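Residue numbers count from 1 along this sequence. Source: prediction; values computed, not measured.
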Amino acid sequence: MKFSLITHFVRENIQKAALSLFYFYFRFKCESFDIKSTSCLNDVKLRMEKAETTFLRPVIEKLVNLLAEEVHLLRGVHREVNCLKDELEIVQPLLQDAEAKLDKEELSNAAKVWLKQLREAADQIEDVVDEYLYHLSKRHHERGFIASFRKVRDSFRTLKPRHDIASEIRDIKESLREIKERGLSYGLRSLEQGSSSSTVTKVDASGIDPRLSSLFIEEDEIVGIDSIAMKLVTSLVGDPPTRSVISLVGEGGIGKTTLARKVFKDEALRQQFECFAWITVSQSYNMEKVLRSMKNQICKEKVETDGTIEDLIECLRHYLETKKYVVVFDDVWKIDFWDVIKHSLPSKNRRARILITTRNTAIAYHIKDTPSDHVQELQAWPLGLAWELFCKKAFRFEFEGCCPKDLDALSRKIVSKCQGLPLAIVAIAGLLSKKEKTIMEWERVLDSLNNEFKRNTQLSSVSKILSFSYHDLPYHLKSCFLYFGIFPEDYSIFDKRLCRLWISENFIAKSRTDDKTLEQVAEEYLSELIHRNLVSFEIEYGVDKRCRVHDLIRDIILTRVDEFRYCQIVDENKLRFEGKSRRLSIFGTTKGVLNFVGDNSKIRSVFLFSIDELTESFMISLFKKFKLLKVLDFQDAPLDKLPKEIGNLFNLKYLNLSRTKVKKVPKSIGKLQNLETLNLSETFVQELPIKIKKLRNLRHLRAFPKVSEETGYSLNLDVGVKIDEGIGNLEELQTLVYVRAYPSTIDLVKELERLKKLKVLGICQLTSEIGKALGASIEKMNHLEDLRLRAINEDEILDLKCISSPPPFLCYLQLSCRLHQLPDWISKLQNLQGLELWFSRLTNEPLKYLKDLPNLAYLEFYQTYDGEELHFEDGSFKKLKQLKLLKLEGLKVLKIDRGALPLLERLMFGPSPLLTEMPSNIQYLTNLKSLEIEDMPWEFVVSLQPNHEEDGIISHYWKIKHVPSVSFWYKRSTMDIYDIYKLGESDLLELLRDQAST
């Protein structure tokens, strides 16, 4: 028996050795690893980093990575891939020229077709490479003799796909060469060869600046800017010690030029200064012409110069040293412009005033060098002012400038569509002023408003002005900006979700020598779009940006989406355009969509919005039809089950199931080796499969079970997801929210210590014992930015004083647990922007420990303090913008000193049944925009109502009348659902009467 086992062992190992020798001989004969070509790969990558970004760059990078990683490609395949990469690098400069001409409307129709063909060729290359990698991914990785045999067998089998890829690449390469030759015949040249794309940008086909009307608005047409204009004039005629620069910054069409022109023409200003110049800069400025125009406007006597830029600067500088002057630079697009022009403007002249208009916030703050300089950010107009402007323009010939009653509702919808943008309001109102004042005619305009901006000559200038901002974007930002076209109108998206989507789409490129993460680079991209006033945002929880684009900007985006076939949008089974696209966005229903879209294997990303039904059969068909998917975003979809076929999508990088009804994650998730983001927040998933530990590229894992509205928020709820041993293997993990600490079969703290890149960590069901061990581990998490800890119940006390040295970059902290006292280290968090304290039940007043946090913008208390008085001292909480004081049931007095909370915009409090009146100094919170009062006694609420008196109740309405939005929240029985009433609303008054009678 023993001899038989030995014989079997020897035979088995001889077989393995023979197979291994044959396998390596086979690789040596049939495959090649070209040392010379791979040694060039680093040089290629460096060239790519320096090259201007186009839609070819990701394709070239894919080929470079294929050459680097798939070193066992057949010699012929390796050569073909290399040649194709070289062809693409040659074509790329022609593409840059074509796209520059397209932005300026200089591209011929034939060249537009050429551009479309090149896009299709790039997509085809990506398809071929992804198909090849998909085939390789299907090979099983097993151990032992069977694995050795299969490795040899599969090597023979993969010969065919490798030959196939070589054949397909040869075909694409020939097609690409033909495309390149046609591009040259259309007059396309690289920028270095002096292409016309490097010349001055045309403003429009006629050469007339569409912003011209902003310079010549009649005085009686100007509405709503008198106060800000007067403020600017006062600032300009003041007496600062040095040259003063005021920058007006805001999105296109917000009224910067109109405001600057009004200030420039002001008589009070004219009397104080002796030299004036108005310079329209624009995207295509010529510095020599700008300086010459300044000289001609400023120098009253003739001054001779040689005409060079240096001589003109010297001439102006010398002349202006002793003059009182005002210069306006309208429509500045580049930082470089100011870095040159400022030398012509002596900085020590106390009577020098410069006014600048720009769409780019970064430029405005770059210009701000001294305390005398000022940045004035212009915001969208409030509804009342927008309505006044609309009526003045739309009914200027009749109805005495007032809207007739029968058109009131339609007119307000039209004004709402403009979203406070004066340019759009004036243009649409001007169009309507010449239309019949009938409901039918105005409904027709409202229904076709998007098309009117394209085809109507009176409105086309609006689109052109707004389009300038798009054309000025570098290519890498254009792809990111167009992503907003995927989402429905008025849709807002959090910054982190958006950045992770961009990363999954390979939009984000970073230098190999850069220490920044892809997420940090993506945040920089988003910040640039915000600085250019193309994307607006609201801050939530002090750290999260909820982003959106203006409706008119979205219309411009959709025009490009259609033109570039960027994303196919299916709205109630209607396609936006014919042809293939990389992305599919489905609105309303999934019924028949897959047949409607057709055999479109190119699709890589799928989004669902407001879907009525999502069946398992649809999901399986979707995965089968689009097997190379990279992005699946099913947030808020009516999805009950995630099919196991999800595991076949080897290319998948992003999977968002947030706020679905999914209860279980299939084991096949472990096959998704490229998955980077998995979002299971607010689902019914309570346990993650053990296979999750195989996802070595996973960067973000969010899992938080949904809480029912009936139970509300409580620490007694059984929440958090269970994880198995091995989560520490996911070394790329940056986000891990929320995992259960108890009961658990693993050493959670030990697993967490292996995750060196963690930035966001959330742990539920913490016991005091685990909390102590966790404290020491948290001190070592040097990259941690967001920490959320939740105890196992409301009586469990967590001792967090053991953390002596908290993570230095912590910007958000949420503690849901009982505390003996507030940990000292919280007051040392210099970067903290958001703080939530729930169920702490502190007896010592906590504000004195938090008041000097320099960056705190969001503070929320929920059953945090059992004391009777909270005191916001003078000078405290200097950056706080949102404050919530919830369920402080022992609170009797709320003191707010004058000078406290200077930036507070939103205040929410209640229920605090012992609090009898609104604090007096709330009237000094001049930035307060929203006041929300929850479940307060009826006497308290009655005292705040306007024009409403009750016997024995003193009115406190005067304290809050300056707040634009005041609302009252009443909880429905035990459910976490509220009825919300506005100040003075009849339903609220009726409710108060009912409460008084009972």
Side-chain angles (χ1 to χ4, degrees), residues 496-497 500 632 634-636 639-642 644 646-647 654-670 672 675-708 711 713-755 758-767 770-771 774 777-778 784 786-793 796 814-817 838:
K496 290 182 175 62
R497 178 183 170 198
R500 289 165 191 171
L632 286 174
F634 292 162
Q635 183 165 310
D636 293 308
L639 178 65
D640 297 317
K641 181 181 179 182
L642 185 64
K644 66 179 186 301
I646 188 75
Y654 180 96
L655 178 58
N656 183 5
L657 302 172
S658 176
R659 296 204 291 267
T660 63
K661 298 178 181 178
V662 171
K663 302 177 183 64
K664 186 177 180 181
V665 178
K667 296 177 182 178
S668 60
I669 198 85
L672 303 180
L675 194 65
E676 295 174 349
T677 296
L678 176 59
N679 190 349
L680 301 168
S681 58
E682 295 187 69
T683 63
F684 294 107
V685 175
Q686 293 189 329
E687 183 174 356
L688 296 174
I690 194 170
K691 299 289 185 180
I692 206 87
K693 66 183 180 182
K694 291 188 174 183
L695 306 181
R696 298 300 180 95
N697 288 306
L698 195 64
R699 302 163 76 91
H700 306 285
L701 174 57
R702 295 180 58 87
F704 185 75
K706 185 174 292 187
V707 177
S708 69
T711 55
Y713 193 86
S714 167
L715 282 186
N716 296 318
L717 296 175
D718 188 15
V719 296
V721 293
K722 180 184 175 184
I723 57 173
D724 290 296
E725 187 176 1
I727 196 74
N729 295 336
L730 308 182
E731 295 179 356
E732 295 299 316
L733 210 58
Q734 296 179 29
T735 303
L736 180 59
V737 177
Y738 285 88
V739 295
R740 295 171 68 102
Y742 181 87
S744 177
T745 58
I746 67 169
D747 187 340
L748 179 62
V749 174
K750 186 177 180 181
E751 294 282 348
L752 291 176
E753 287 178 349
R754 297 171 60 191
L755 303 177
L758 268 184
K759 290 189 174 185
V760 181
L761 175 63
I763 303 179
C764 295
Q765 306 298 96
L766 273 168
T767 63
I770 298 175
L774 183 64
S777 181
I778 289 173
L784 202 64
D786 184 327
L787 177 62
R788 310 170 190 203
L789 303 178
R790 178 185 167 106
I792 193 169
N793 58 53
E796 191 79 3
Q814 182 190 77
L815 300 178
S816 299
C817 58
W838 289 55

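- The side-chain heavy atoms of Glu676 and Tyr654, taken from C-beta on, include no pair separated by under 4.5 Å.
- Residues Pro689 and Ile669 have side chains in contact (heavy-atom distance under 4.5 Å, counting atoms from C-beta outward).
- Checked by atom type and distance alone, the side chain of Glu751 pairs as donor or acceptor with a backbone atom of Gly726 at under 3.5 Å.
- Using modelled atom types, no side-chain atom of Glu732 and backbone atom of Leu698 make a donor-acceptor pair closer than 3.5 Å.
- Between Asp724 and Lys693, the closest side-chain pair of non-hydrogen atoms is not below 4.5 Å.
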Check your understanding: Stepwise, does the side-chain contact (heavy atoms from CB on, under 4.5 Å) test hold for Thr660 with Leu642?
Key -> CA-CA 10 Å; Thr660 63; Leu642 185 64; over 6 Å; no
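- Closest heavy-atom contact between Thr683 and Ser658: CG2-CA, 4.5 Å.
- Heavy atoms only, all atoms of each residue included: Leu680 and Val665 are closest at CD1-CG2, 3.8 Å.
- Among residues two or more places apart in sequence or in another chain, the salt bridge (Lys or Arg N to Asp or Glu O under 4.0 Å) test is passed with Arg696 by none.
- With values rounded to the nearest 0.5 angstrom, Leu774 atom CG is found 9.5 Å from Glu753 atom CD.
- When all heavy atoms of Arg497 and Asn656 are compared, the pair lying nearest together is NE-ND2, 3.6 Å.
- We find the CG-NZ distance between Leu672 and Lys691 to be 13.0 Å, quoted to the nearest 0.5 Å.
- Across all non-hydrogen atoms, the minimal contact from Asn729 to Arg754 is OD1-NH2, 2.6 Å.
- Rounded to the nearest 0.5 angstrom, Leu701 CG and Leu695 CG are separated by 9.0 Å.
- The two residues Ile792 and Tyr742 have their closest heavy-atom pair at CD1-CD2, 3.3 Å.
- Counting all heavy atoms, side chain and backbone alike, Leu766 lies closest to Ala741 at CD2-CB, 3.8 Å.
- Counted within 6.0 Å of NZ on Lys663, heavy atoms from surrounding residues, nucleotides or ligands total more than 12; the atom is thus considered enclosed.
- Note: Leu730 CG to His700 NE2 = 12.5 Å, rounded to the nearest 0.5 Å.
- Looking at heavy atoms from C-beta onward, Val739 lies out of side-chain contact with Ile727 at the 4.5 angstrom threshold.
- Under the 4.5 Å side-chain criterion, counting only non-hydrogen atoms from C-beta, Leu748 is in contact with Ile763.
- Interatomic distance, CG of Asp747 versus CG of Leu752, reported as 9.0 Å (0.5 Å rounding).
- For Asn697, there are no side chain to side chain donor-acceptor pair (under 3.5 Å) partners at least two apart in sequence or on another chain.
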Practice item. Any chance you could lay out the side-chain contact (heavy atoms from CB on, under 4.5 Å) test for Val737 and Asp786, step after step, and finish with the verdict? Key: CA-CA 10 Å; Val737 177; Asp786 184 327; over 6 Å; no
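- To the nearest 0.5 Å, the span separating CD1 on Ile723 from CD1 on Ile692 amounts to 10.0 Å.
- No donor-acceptor distance shorter than 3.5 angstrom exists from the side chain of Ser681 to the backbone of Arg702, with no hydrogens or angles considered.
- For the pair Val685/Leu657, no side-chain contact is recorded, criterion being any heavy-atom separation below 4.5 Å from C-beta on.
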